[in-house]
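Because only heavy atoms are used, hydrogens play no part in the values below, and waters and symmetry mates are left out as well, while side chains stay in. Residues take their numbers from the sequence shown, with the count starting at 1. When a ligand or atom number is given, it counts from 1 through the structure's own listing order.
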Amino acid sequence: MHGAGTKSFDIAWVREQFPSLSLQYRRHGSAFLDGPAGTQVPKQVMDAVEYYFLGANANTYGAFLTSQRTNEMIVSARAAMADFFNCDPNEVVFGQNMTTITFALARAIGRELQPGDEIVVTTLDHDANVAPWRALEEKGVVIRQVDIHETDCTLDLDDLKGKITAKTKLIAVGYASNMVGTINPVAEITKLAHAAGALAFVDAVHFAPHGLIDVKAIDCDFLVCSPYKFFGPHMGTLYGKREQLEKFKPYKVRPATNTSPECWETGTQVQELIAGIGAAVDYIAALGRHCDPRVKSRREALAAAYRATHEYETGLLARLISGLETIPGMRIFGITDRKRFDERCSTLSFRLGDHHPTKIATFLGERGIFTWDGNFYALNLSERLGVEQHGGVVRVGLVHYNTAEEVDRLLAALHQFVAN
Ligand SMILES: Cc1ncc(COP(=O)(O)O)c(C=O)c1O
């Protein structure tokens, strides 16, 4: 394999890194098509967590070995996430998960807002990028919600422009939809926000396993993502432009530092998992080096990894869509045009006739094929598409450790489901 263009992707090498992929269920292999709700974890992440417990387990800033190791580990994980985001390490904040981070940040930003100030959210977003902003309605903040084009589940940018006013203080937008895979033009939206004197907050949780994030190129003020969606442990991370992290004041205990980014990390962090975050970034970089041994820096290695996985995932997605389109009663949500695959990632939702999504997911689950059903907290979208009251959709998530055989197994099982 190898080669910059990754003509063939070394899927065998990838799968060797993920021990849980060999899980057997009722004499079936397990097909993990549930990645959008949390991906599997490579061995090096597990090793990093174990190593932390074995040799570095202590709280921070003590005058002894394990505490010093903890400090060093956090510095190193922050540097890894800085490469991941393309920012400075002191612009990286660790937290419990994206939802908790966003509620805390929204509350801190809300301190500075006046009744009548406006925030723009979207119909395409996970509720974790809606509810924390809506919570500010209690203070008199006005929330404006941008609609979608129903035919391809893309954001209606004209509607977005119309929703921005002189009172807009922040635009909260997703990088990619966790239900239908649409990728939003976040750099363009950030420009619109800044032109109106507003902040841009990007939820990159769903995009992170599929594409290289570059906060400098986007120029957003804040961006969040959750390592458990990109092969790491269950935590959340925030990028905040330094001047913004310093401008806003987090709610915190008095003895804790006022220096950013640490002042945003309230209470004792899940240090063992921060060790795992650094290892997750290093796994992606190792994949990049495996795909293109010529890369030098970790950032270049991350870029090489995402180039390779994007091409591979796009191939799987095309195979999935071609197969689904042959199944009677199939309704796929979002972009299906192969020429527009750069506008979406490899997460796909469908409905099949009038069948309840839970029934389909259960049928697949019994055959060792793990998919999600429901709304995945993309509540606005589920309601807008008229599926909320019917159990939502079935979601298939393809990430770089999935295979063409798994896609074929899924398609064969769906044909069997329809025939039953
Ligand atoms: C797009 C998106 N945003 C936000 C979240 C919430 O993330 P967390 O579980 O880290 O709070 C999710 C989780 O599924 C998501 O998919």
Does Y306 form a ring pair (Phe, Tyr, Trp, His ring centres under 6.0 Å) with F230? I'd like the steps, not just the answer.
CA-CA 12 Å; Y306 281 113; F230 59 88; 8.5 Å; no
Where do D219 and T190 land on the side-chain hydrogen bond (donor to acceptor under 3.5 Å, both in side chains) test, with the steps shown first?
CA-CA 7 Å; D219 194 30; T190 297; over 6 Å; no
Would you say the side-chain atoms of [X] and [Y] include a donor-acceptor pair closer than 3.5 Å?
X: S177; Y: H206; answer: no
X: E313; Y: H210; answer: yes
X: T182; Y: E343; answer: no

So, is T99 polar-close to ligand 1, with some N/O to N/O distance under 3.5 Å?
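Among all N and O atoms of T99, at least one is under 3.5 Å from an N or O of ligand 1.
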Test your reading of the structure: does M98 have an N or O sitting under 3.5 Å from an N or O of ligand 1?
yes
Return the residue, atom name and 0.1 Å-rounded distance of the protein heavy atom closest to [atom].
atom: atom 14 (O) of ligand 1; result: K229 NZ, 2.6 Å
atom: atom 15 (C) of ligand 1; result: H126 CD2, 3.2 Å
atom: atom 9 (O) of ligand 1; result: Y228 OH, 2.4 Å
atom: atom 16 (O) of ligand 1; result: N178 CB, 3.3 Å
atom: atom 10 (O) of ligand 1; result: S226 OG, 2.7 Å
atom: atom 1 (C) of ligand 1; result: D203 OD2, 3.5 Å

Side chain or backbone of V205 under 4.0 Å from ligand 1, or both, or neither, by non-hydrogen atoms?
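It is the side chain that touches ligand 1; the backbone stays farther off.
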side-chain hydrogen bond (donor to acceptor under 3.5 Å, both in side chains) between H234 and N97, worked out
CA-CA 7 Å; H234 285 90; N97 50 53; over 6 Å; no
Steps toward ring pair (Phe, Tyr, Trp, His ring centres under 6.0 Å) verdict (F9, H310):
CA-CA 11 Å; F9 183 69; H310 174 75; over 10 Å; no
